[in-house]
Amino acid sequence: MPGSGLDDDERRARQEAHWLVKEFGAEAQLYAAMKAEKAIEQKDFGRCARWKRVLEILTDGPTDLRRGAAAK
């Protein structure tokens with residue numbers, strides 16, 4: 001998306017974080033951490049990096065999620 005300032009990976013991670021909060025509420029961080037761990041076990045380090053980024057976004061809190069939603 002031109003002019004958004006976010007690449008596709010970042011946009012996907014923010015969308016995933018937003019969905020997790022909507023679906024799982026307070027458990028969203030746990031879910032993301034479990035997905036990252038499973039990706040490591042499967043040696044899928046690209047997927048692990050995405051889930052770790054989702055976890056960082058969730059840790060940063062709702063302000064970061066609102067910014068991501070506004071960039072859609």
Side-chain angles (χ1 to χ4, degrees):
M1 190 178 291
S4 71
L6 299 176
D7 65 8
D8 287 339
D9 292 333
E10 181 68 11
R11 187 171 26 261
R12 190 173 302 126
R14 288 174 185 265
Q15 288 172 344
E16 190 72 39
H18 181 73
W19 179 81
L20 286 173
V21 169
K22 207 164 90 171
E23 273 305 300
F24 300 105
E27 301 297 317
Q29 290 179 344
L30 177 61
Y31 184 83
M34 288 172 29
K35 293 295 254 183
E37 184 177 341
K38 185 173 182 175
I40 289 171
E41 289 170 2
Q42 295 174 342
K43 295 184 178 11
D44 186 346
F45 301 112
R47 196 171 92 224
C48 176
R50 181 170 55 92
W51 282 109
K52 286 183 79 175
R53 179 60 189 135
V54 169
L55 188 55
E56 288 173 356
I57 292 167
L58 291 170
T59 302
D60 288 344
T63 303
D64 210 43
L65 289 177
R66 274 188 247 119
R67 245 194 329 256
K72 281 188 191 178

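One-based numbering along the sequence shown.
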Here the ring pair (Phe, Tyr, Trp, His ring centres under 6.0 Å) pairs for residues 25-44, sequence neighbours left out, are F24-Y31
One should read off an interatomic distance between I57 CD1 and R53 CZ, to the nearest 0.5 angstrom, of 4.0 Å
Quick one: pull up NE2 in H18 and CD in E23 and give me the separation to the nearest 0.5 Å.
10.5 Å
Keeping to residues at least two apart or across chains, list the salt bridge (Lys or Arg N to Asp or Glu O under 4.0 Å) pairs with something in residues 26-44.
D44-R47
Contacts of A32 that satisfy side-chain contact (heavy atoms from CB on, under 4.5 Å) - sequence neighbours left out:
L20, W51, V54, L55, L58
Does any part of the side chain of T59, heavy atoms only, come nearer than 4.5 Å to the side chain of Q29, both counted from C-beta?
yes
Which residues, ordered by chain and number, are linked to M34 in its hydrophobic cluster, where ILVMFWY side chains connect at heavy-atom gaps below 4.5 Å, directly or through other members?
L30
Tell me the closest heavy-atom pair linking A36 and C48, and the distance in Å.
O-SG, 3.8 Å
Quick one: do R14 and E10 make a salt bridge, cutoff under 4.0 Å?
yes
Using the test ring-ring contact (aromatic ring centres under 6.0 Å, His included), find all partners of F45 that sit at least two apart in sequence or belong to another chain.
none
